[in-house]
Amino acid sequence: MDITGLGWRTVQQLIERKLVSDLADLYHLEPEPLSGLEGFAEKSIENLLEAIERSKRPRLDRLLYALGIEHVGDSVARLLADHYGSLDRIVDADEAQLQEIPGIGPEVAAAVHRFFANPRTRKVLQRLREAGVRPAAEKKPAGRQPLAGEVVVFTGELETLSRPEAQRKAEAAGARTATGVSRKVTLVVAGPGAGSKRAEAEKLGIRVIDEAEFLKRIGSR
């Protein structure tokens, strides 16, 4: 959900103190209980609550990923978001409809349908709505998309871009991004220090290019 200041240790404390048991609980936190957290003073509490408030308009795929659905990582979440465009449509989809999405197989479709059919999930989603969380699919930019249909993995050090910047540029050019190399990946951008991911890509016969070639392909150089 990209909540600044909500690190692993803070989440652990929230769970241990029974302040949070699911995603929706984050959006119903009050200042007073947070004062008992280790390292939290008035200003840090204020900053955390403001960061939670700012996260109420997430991209749909990021919310799907954050829900912790079995078999749904960032790439599958993007497939679902791109195909349906709204959370309600995904919730209402049956297994057969989910399998119509290229890249979604029976196991993933069953897991997604099972998750959203669960009454506890429905309750969490309702509480998210009540808290003002309104996910939206990211609008695809109009115009030329030179990487349309590509699934891109970045590995190693990039010289002119941060990893998030490179991923955003790839997605703006029509690609989907992934974090691991598999047979679904079509392109690997490798920088200095690229190791096992580059080796795996070469083993699978996946194209490997450097950052300069990537920028050239998307028209940034």
Residue pair Arg89, Ser86: steps toward the side-chain contact (heavy atoms from CB on, under 4.5 Å) verdict: CA-CA 6 Å; Arg89 292 184 64 200; Ser86 80; 3.1 Å; yes
Charged N-O contact under 4.0 Å between Glu70 and Arg114: yes
Just so I know, are the side chains of [X] and [Y] near enough to count as touching, which here means a heavy-atom distance under 4.5 Å?
X: Ile218; Y: Leu147; answer: yes
X: Ile101; Y: Asp82; answer: no
X: Tyr84; Y: Leu98; answer: yes
X: Ser75; Y: Arg176; answer: yes
X: Leu14; Y: Leu37; answer: yes
X: Arg183; Y: Ile206; answer: no
X: Pro135; Y: Arg59; answer: no
X: Val185; Y: Leu204; answer: no

Are [X] and [Y] linked, directly or through other ILVMFWY residues, by side chains that come within less than 4.5 angstrom of each other?
X: Val76; Y: Val151; result: no
X: Val181; Y: Leu79; result: no
X: Leu128; Y: Ile52; result: yes
X: Tyr65; Y: Met1; result: no
X: Phe115; Y: Val133; result: yes

Considering non-hydrogen atoms only, spot the tightest contact between [X] and [Y] and give its length.
X: Ala166; Y: Phe214; answer: O-CZ, 3.7 Å
X: Pro33; Y: Leu19; answer: CB-CD2, 3.7 Å
X: Ser44; Y: Gly39; answer: OG-O, 3.8 Å
X: His71; Y: Ala111; answer: CD2-CB, 3.8 Å
X: Ile69; Y: Leu64; answer: CD1-O, 3.9 Å
X: Val188; Y: Ala201; answer: CG2-CB, 3.6 Å

Count the heavy atoms belonging to other residues, nucleotides or ligands that lie under 6.0 Å from CG of Asp2, then report whether that count exceeds 12. no
Around atom NZ of Lys169, are there more than 12 heavy atoms from other residues, nucleotides or ligands closer than 6.0 Å? no
Applying side-chain contact (heavy atoms from CB on, under 4.5 Å) to Leu60 and Leu87, what does each step give before you reach the verdict? CA-CA 7 Å; Leu60 177 55; Leu87 182 59; 4.0 Å; yes
Is a side-chain donor or acceptor of [X] paired with a backbone partner of [Y] at a separation under 3.5 angstrom?
X: Gln97; Y: Asp94; answer: yes
X: Arg163; Y: Gly156; answer: yes
X: Arg122; Y: Phe116; answer: yes

About how many Å separate [atom2] of [Y] and [atom1] of [X], when rounded to the nearest 0.5 Å?
X: Gln13; Y: Leu34; atom1: CD; atom2: CG; value: 10.0 Å
X: Arg78; Y: Thr177; atom1: CZ; atom2: OG1; value: 6.5 Å
X: Leu63; Y: Ser55; atom1: CG; atom2: OG; value: 10.0 Å
X: Leu158; Y: Thr160; atom1: CG; atom2: OG1; value: 7.5 Å
X: Glu107; Y: Glu95; atom1: CD; atom2: CD; value: 11.5 Å

Can you tell me which residue pairs pass the side chain to side chain donor-acceptor pair (under 3.5 Å) test with a partner in residues 146-159, sequence neighbours excluded? Glu150-Thr186, Glu150-Arg207
Sequence neighbours excluded, every pair satisfying side chain to side chain donor-acceptor pair (under 3.5 Å) that has a member inside residues 15-25: Ser21-Asp25, Asp25-Arg127
Where do Ile3 and Leu48 land on the side-chain contact (heavy atoms from CB on, under 4.5 Å) test, with the steps shown first? CA-CA 8 Å; Ile3 302 174; Leu48 176 59; 4.2 Å; yes
So, using salt bridge (charged side-chain N to carboxylate O under 4.0 Å, His left out) as the criterion, who are the partners of [X] when residues are at least two apart?
X: Arg168; value: none
X: Lys56; value: Glu53
X: Asp88; value: Arg129
X: Glu202; value: Arg198

Applying side-chain contact (heavy atoms from CB on, under 4.5 Å), run through Leu215 and Leu161 and close with a yes or a no. CA-CA 10 Å; Leu215 292 171; Leu161 301 170; 3.7 Å; yes
Would you check, one step at a time, whether the test side-chain hydrogen bond (donor to acceptor under 3.5 Å, both in side chains) holds for Ser162 with Glu165? CA-CA 5 Å; Ser162 69; Glu165 287 173 332; 3.3 Å; yes
